[in-house]
Amino acid sequence: MVDYTAFDSAQALEYVKNQTNFFAPEAELTCYEFGDGNLNLVFRVHDEQSNSVILKQALPYARCVGESWPLTLERARIEASVLVRHGEVCPQTTVKVLHRNDALAITVLEDLGHMQILRAQLCEGHTYANLATDVADYLAKTSFYHSDFYLPPAQKKALVTEFTNPELCAITEDLFFDDPYRYSERNNYPDELQPQVTALQNNQAVKLAVAELKAKFLSSAQSLLHGDVHTGSIFVDQTNTKLIDPEFGFFGPIGFDLGSFIGNLLLNYCAQHKRITELPKRRDLHAYLLNTIQTCVAQFEQTWLHLAKTQSQDLSLQAEGYAERFINQVLRDAYGFCGTELIRRTIGLAHVADIEDIENPVARLEVQKQALLLGEQLILQAPHCNTKEDLSQLLISLLL
Ligand code: SR1
Ligand code: MG
């Protein structure tokens, strides 16, 4: 077995040249590193004709913090395996794995460089007509086909073991559910936000509702999640949508992925109050974001229920009305998890460019206050909604 070593561009190029056959032996290859995420190295290797692949390598620590935060290389195996499994049930929306080497924590992926990262595009006010239905399709299919509704019990349990991802889950457990609700050195917010943060951290009702969500995250192995569906994990163009980066994948509560996605759209919604100055333009983008959330939730529910009606293997879970009851709870969970995403991205360790890149600190502070309040109200009120219509009404009332 080859010993792990973190690659530089020359090593990444040599690896692709010698260990794969994507390029002709005589091809003149070029390679550069361009990763700007929190955790990994990302290289693009291309030839003179601009044929290219991406080589992604996990580092033994969190890149955004440094070697003081060691992190398992196992996440490369998890990520490649989630991509393969999700790709089997939703190929059109999952980035393709071309090659993997778990010992070197390497995954070679199709290059999506002709597409754009959704977060940057939304920040610039661009819209994508297929985004809602594509993400809904991905979330419904990947979660249904890896749930107890579909998998035989023994296979499901074996997969839960295969995808046990304790170190990456611990990051989410800390950053989503613990840090924002207590003092933590990792928290990051301006002094001017301290009164709101103190109020949040003293709000016992919020802490109780967050405890419910954390308990679900810890012990509801409902399906194989992506685990980190933020708008930086989605490539888009006007026809396609591709999910990347499921290194936080594990068997968890289905609503977590949907909630993370909605949460990121809402972070953008809040930021647009200060990003777009012309009112008609801002209204249009706000309408697009709200419509994307509503369409995604409705389509997710519809596809999931259709699969449950036509593909469920488990006899008891086919009981009349059970799938509807199950998915209603998933949607309540999603809006709750969405609230935790809004809060942790505002006062926790990992922020979003949508808000951070607002240059005027006074404007940014207003956006941060809105995101905090929205998150808090979703966490408190989502558990009391019965249907997706109630959840949608709740959201609209909070955005007014
Ligand atoms: C230390 S990792 C911080 C965040 O980046 C990832 O994309 C996840 O969202 C994680 O919470
Ligand atoms: Mg990532």
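When a ligand or atom number is given, it counts from 1 through the structure's own listing order. Predicted model, so just to flag it, every value in this text is computed and none were measured.
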Centres of the Phe248 and His226 rings: under 6.0 Å?
-> no

Among Trp69, Phe248, Tyr61, which one has a heavy atom closest to atom 1 (C) of ligand 1?
-> Trp69

Under the 3.5 angstrom rule, does the side chain of Asn264 hit a backbone N or O of Ser260 as a donor-acceptor pair?
-> yes

Does a donor on one side chain and an acceptor on the other come within less than 3.5 Å for Arg75 and Asn40?
-> yes

Would you confirm whether the ring centroid of Phe250 sits within less than 6.0 angstrom of the ring centroid of Phe217?
-> yes

Which of Val16, Leu41, Asn101 passes side-chain contact (heavy atoms from CB on, under 4.5 Å) with Ile106? Answer is Asn101

Which atoms of ligand 1 have any heavy atom of Leu175 under 4.0 Å away?
-> 3 (C), 11 (O)

Looking at Asn38, which atoms of ligand 1 are within less than 4.0 Å of one of its heavy atoms?
-> 3 (C), 4 (C), 5 (O), 6 (C), 7 (O)

Determine, using heavy atoms of Arg345 and all atoms of ligand 1, whether some pair is separated by less than 4.0 Å.
-> yes

For Arg344, counting its heavy atoms only, list the atoms of ligand 1 lying under 4.0 Å from any of them.
-> 9 (O), 10 (C), 11 (O)

Ignoring hydrogens, just give me the one of Asn264, Val352, Ile171, Asp228 whose non-hydrogen atom is nearest atom 9 (O) of ligand 1.
-> Asp228

